[in-house]
Amino acid sequence: MESDHGWERDLEVLVFLYWLAHASSYRVVSQTFDIPKTSVHDIVHRVSKAVLGILRKVICFPTGDNLEAVGAGFAQLSGSPAFSRAVGAIDGCHIRMKPPANNSHCYYNRKLFHSIQLQAITDHRGKFLDIFVGYPGSVHDARVLRNSPVYLGSLYPPPGKCILGDGGYPCLSAPICLITPYREPVQNPVQAHFNSKHSRARNIIERAFGMMKTRWRSIFFKALEISPAFVPEVVACCAVLHNLALLNGDIVEAEDEEDHDDDPPEPHNPQARVGDHVRDNLAAAVSAPNICVAALHEHDYL
């Protein structure tokens, strides 16, 4: 970062982290560090842009051996070798914000507060592999997914792999392979067994949200008192710092994991391919883990 004043870079980072940790006004931070309020504003925005400059290096999809390690991690989380095909868990999270001056009704979600949405994919450790933030809180999770780059570009998972989502998402084989649980009431013990293993593996995304919210509790447990246009940037910075903390062994236990109830399902999108057959094959493998299920290799991926 280039500075146009006498503040050292380390001090600017400290000011930014203090602001994130306390979600204080620029005036309070100004008094704490004994620097002008306008300088605090400039520092916060300058450092946030620097953090976003490394986002694609810190939040990225695994490849090669790292991809196989993620699959092994999900198999361990679920307790079933069949889930080694899973290489991510996806979910959405509502970020509280003050009502914007324009179109505030669009940001009023079904949980009865104003928010923007954070869609994220995590690995088996809770590290973010992809984030998509900024859609108003009233938008359905499935619609956010359909408008995200990972879906539109079929960016992840790679062929032969899948990601896990809750019942608010459609079960898909294309353009991305996204496997959801069977709807309750289930039809047989195979489906019930699959849902149990699926839940154990998918829960890591809720723990990831919980860890991030615990680390930056002042940001996430009250409405953000900043410009609505700046909210997505702040949330993205928190996600980058969450990954950096995990990579450096700085792990916090989630005080309160994300309390997420599934959105009601949206009507089927005719441009997507239903993944029920993929789920059925995976469920068969879960219930018969020591038997080679040939049908697992017969489904199509885009």
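Side chains are part of it too, since the values below use all heavy atoms of this structure and drop only hydrogens, waters and symmetry mates. FYI, the numbering just counts along the sequence from 1.
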A.B. asks: Using 0.5 Å steps for rounding, measure from the CG atom of Leu244 to the CD1 atom of Ile54.
C.D. replies: 5.0 Å
A.B. asks: Begin with the C-alpha distance, continue with both residues' side-chain angles, and end with the deciding distance and a verdict on side-chain contact (heavy atoms from CB on, under 4.5 Å) for Arg110 and His140.
C.D. replies: CA-CA 10 Å; Arg110 63 190 182 86; His140 193 285; over 6 Å; no
A.B. asks: Mind checking whether Phe209 and Thr122 have side chains closer than 4.5 Å, heavy atoms only?
C.D. replies: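 Heavy-atom side-chain distance check fails, nothing below 4.5 Å.
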A.B. asks: Give the C-alpha distance, both sets of side-chain angles, the deciding distance and a yes or no for side-chain contact (heavy atoms from CB on, under 4.5 Å) between Leu17 and Leu241.
C.D. replies: CA-CA 10 Å; Leu17 291 176; Leu241 295 173; 4.0 Å; yes
A.B. asks: State whether the side chain of Gln117 and the backbone N or O of Val144 hold a donor-acceptor pair below 3.5 Å, judged by distance alone.
C.D. replies: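 Judged by distance alone, no pair lies under 3.5 Å.
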A.B. asks: Could you tell me whether the side chain of Ser138 and the main chain of Cys106 form a donor-acceptor pair under 3.5 Å?
C.D. replies: yes
A.B. asks: Hey, quick one: are Val240 and Ile43 part of the same hydrophobic cluster, counting side-chain heavy atoms closer than 4.5 Å, chains of contacts allowed?
C.D. replies: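 Yes; tracing contacts between hydrophobic side chains, which count when under 4.5 Å, links both residues.
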A.B. asks: To the nearest 0.5 angstrom, please state how far the CD1 atom of Ile163 sits from the CG atom of Asp91.
C.D. replies: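 Nearest 0.5 Å value for the CD1-CG distance: 11.0 Å.
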A.B. asks: Any donor and acceptor pair, going by atom type alone, linking the side chain of His198 with main-chain N or O of Ile179 inside 3.5 Å?
C.D. replies: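 Yes; judged by distance alone, with no hydrogens or angles, the pair exists.
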A.B. asks: Shortest non-hydrogen contact from Ala89 to Phe74?
C.D. replies: N-CZ, 3.8 Å
A.B. asks: I'd like to know if the side chain of Arg183 reaches the main chain of Gly167, judged simply by a donor and an acceptor atom lying under 3.5 Å from each other, with no hydrogens or angles considered.
C.D. replies: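 Yes, Arg183 side chain to Gly167 backbone: donor-acceptor pair under 3.5 Å.
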A.B. asks: Tell me, please, which residues at least two apart from Arg200 pass salt bridge (charged side-chain N to carboxylate O under 4.0 Å, His left out).
C.D. replies: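 Arg200: no salt bridge (charged side-chain N to carboxylate O under 4.0 Å, His left out) contacts found.
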A.B. asks: So which heavy atom on Ser104 is nearest to which on Pro100, and how close?
C.D. replies: CB-O, 3.4 Å
A.B. asks: Taking all heavy atoms of Gly134 and all of Pro232, pick out the closest pair and write down the distance.
C.D. replies: CA-CG, 4.1 Å
A.B. asks: Where do Leu20 and Val234 land on the side-chain contact (heavy atoms from CB on, under 4.5 Å) test, with the steps shown first?
C.D. replies: CA-CA 8 Å; Leu20 274 185; Val234 172; 3.8 Å; yes
A.B. asks: Looking at Ser218 and Ala21, would you say the former's side chain and the latter's main chain have a donor-acceptor pair under 3.5 Å?
C.D. replies: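 Present.
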A.B. asks: For the backbone of Ser115 and the side chain of Asn109, can you confirm whether one donor and one acceptor N or O come within less than 3.5 Å of each other?
C.D. replies: no
A.B. asks: Quick check on Arg96: does its CZ atom have over 12 non-hydrogen neighbours (other residues, nucleotides or ligands) under 6.0 Å away?
C.D. replies: no
A.B. asks: Could you measure the distance from the CZ atom of Arg207 to the CD atom of Glu253? Nearest 0.5 Å is fine.
C.D. replies: 9.0 Å
A.B. asks: Closer than 3.5 angstrom, by distance alone: can the side chain of Thr214 be matched with the main-chain N or O of Gly210 as a donor-acceptor pair?
C.D. replies: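 The answer is yes, because a donor-acceptor pair under 3.5 Å joins these two groups.
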A.B. asks: Hey, does Val44 have a side-chain heavy atom less than 4.5 Å from the side chain of Val29?
C.D. replies: no
A.B. asks: When you compare the side chain of Asn188 with that of Gln191, does any pair of heavy atoms fall below 4.5 Å?
C.D. replies: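 The answer is yes, as the side chains (C-beta and beyond) meet within the 4.5 Å cut-off.
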A.B. asks: For a 4.5 angstrom cut-off between non-hydrogen side-chain atoms, does Ser39 reach Phe33?
C.D. replies: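 Result no, sub-4.5 Å side-chain heavy-atom pair not found.
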A.B. asks: CD1/Ile176 to OG/Ser148 distance, rounded to the nearest 0.5 angstrom?
C.D. replies: 6.5 Å
A.B. asks: Judged by atom type as modelled, is there a donor-acceptor pair below 3.5 Å linking the side chain of Ser84 to the main-chain atoms of Ala75?
C.D. replies: no
A.B. asks: Linking I/L/V/M/F/W/Y whenever any side-chain heavy atoms sit under 4.5 Å apart, do Ile90 and Leu67 land together?
C.D. replies: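 Ile90 and Leu67: one cluster.
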A.B. asks: Heavy-atom distance under 4.5 Å between the side chains of Pro99 and Tyr107, does that happen here?
C.D. replies: no
A.B. asks: Do you know the tightest heavy-atom contact between Pro157 and Cys162?
C.D. replies: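 Distance-wise, the nearest heavy atoms are CG-CA, 3.6 Å.
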A.B. asks: How many angstroms lie between atom NZ of Lys127 and atom CG of Asn243, to the nearest 0.5 angstrom?
C.D. replies: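 Rounded to the nearest 0.5 Å, the NZ-CG separation comes to 5.0 Å.
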A.B. asks: Going only through I, L, V, M, F, W and Y residues with side-chain contacts under 4.5 Å, is there a path from Met211 to Leu77?
C.D. replies: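 No: no chain of side-chain contacts under 4.5 Å links Met211 to Leu77.
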A.B. asks: Is there side-chain contact between Ser25 and Glu225, with heavy atoms separated by less than 4.5 Å?
C.D. replies: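 No, too far: nothing below the 4.5 Å cut-off.
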A.B. asks: Could you pull out the closest heavy-atom pair between Ser154 and Pro175, with the gap in Å?
C.D. replies: OG-O, 3.1 Å
A.B. asks: Any side-chain heavy-atom pair from Leu178 and Pro170 closer than 4.5 angstrom?
C.D. replies: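 Result no, sub-4.5 Å side-chain heavy-atom pair not found.
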A.B. asks: Treating Ile, Leu, Val, Met, Phe, Trp and Tyr as nodes and any side-chain heavy-atom pair under 4.5 angstrom as an edge, say whether Val139 and Tyr108 lie in one connected cluster.
C.D. replies: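 No, because Val139 and Tyr108 fall into different hydrophobic clusters, even though each may have its own neighbours under 4.5 Å.
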A.B. asks: Is the charged tip of Arg279 near the ring of Tyr182: under 6.0 Å from the six-membered ring centre and within 45° of its axis?
C.D. replies: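 Geometry flag: set, cation within 6.0 Å and 45°.
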A.B. asks: Quick one: CD on Glu8 to CG on Leu14, what's the gap to the nearest 0.5 Å?
C.D. replies: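 These two atoms lie 11.5 Å from each other.
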A.B. asks: Using modelled atom types only, decide if a donor and an acceptor are shared between the side chain of Asn248 and the backbone of Asp250 within a distance under 3.5 Å.
C.D. replies: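 No; judged by distance alone, with no hydrogens or angles, the pair does not exist.
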A.B. asks: Parallel, tilted or perpendicular: which one describes the rings of Phe128 and His242, with boundaries at 30° and 60°?
C.D. replies: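 Rings of Phe128 and His242: tilted, 30 to 60°.
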A.B. asks: Is Trp19 close to Val47 at the side-chain level, that is, under 4.5 Å between some pair of heavy atoms?
C.D. replies: no
A.B. asks: Checking Phe220 against Cys93 for the side-chain contact (heavy atoms from CB on, under 4.5 Å) test, could you report, in this order, the C-alpha distance in whole Å, the side-chain angles of both residues, the deciding distance, and whether it holds?
C.D. replies: CA-CA 10 Å; Phe220 291 107; Cys93 174; 5.9 Å; no
A.B. asks: Parallel, tilted or perpendicular, judged at 30° and 60°: which one describes the rings of Phe230 and His45?
C.D. replies: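 Aromatic pair Phe230/His45 classed parallel.
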A.B. asks: Taking all non-hydrogen atoms of both residues, which atom of Phe83 and which atom of Ser78 are closest, and how far apart?
C.D. replies: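 Of all heavy-atom pairs spanning Phe83 and Ser78, the closest is CB-OG, 3.3 Å.
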A.B. asks: Heavy-atom count around Glu233 CD within 6.0 Å, excluding the residue itself: above 12?
C.D. replies: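 Atom CD in Glu233 is crowded, with more than 12 foreign heavy atoms closer than 6.0 Å.
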A.B. asks: Say whether, by atom type as modelled, one donor and one acceptor occur between the side chain of Tyr156 and the main chain of Val87 under 3.5 angstrom.
C.D. replies: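 Side chain of Tyr156 to backbone of Val87, a donor-acceptor pair under 3.5 Å: yes, one is there.
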A.B. asks: When hydrophobic residues are tied together by side-chain contacts of less than 4.5 Å, even through go-betweens, does Val70 share a cluster with Leu155?
C.D. replies: yes
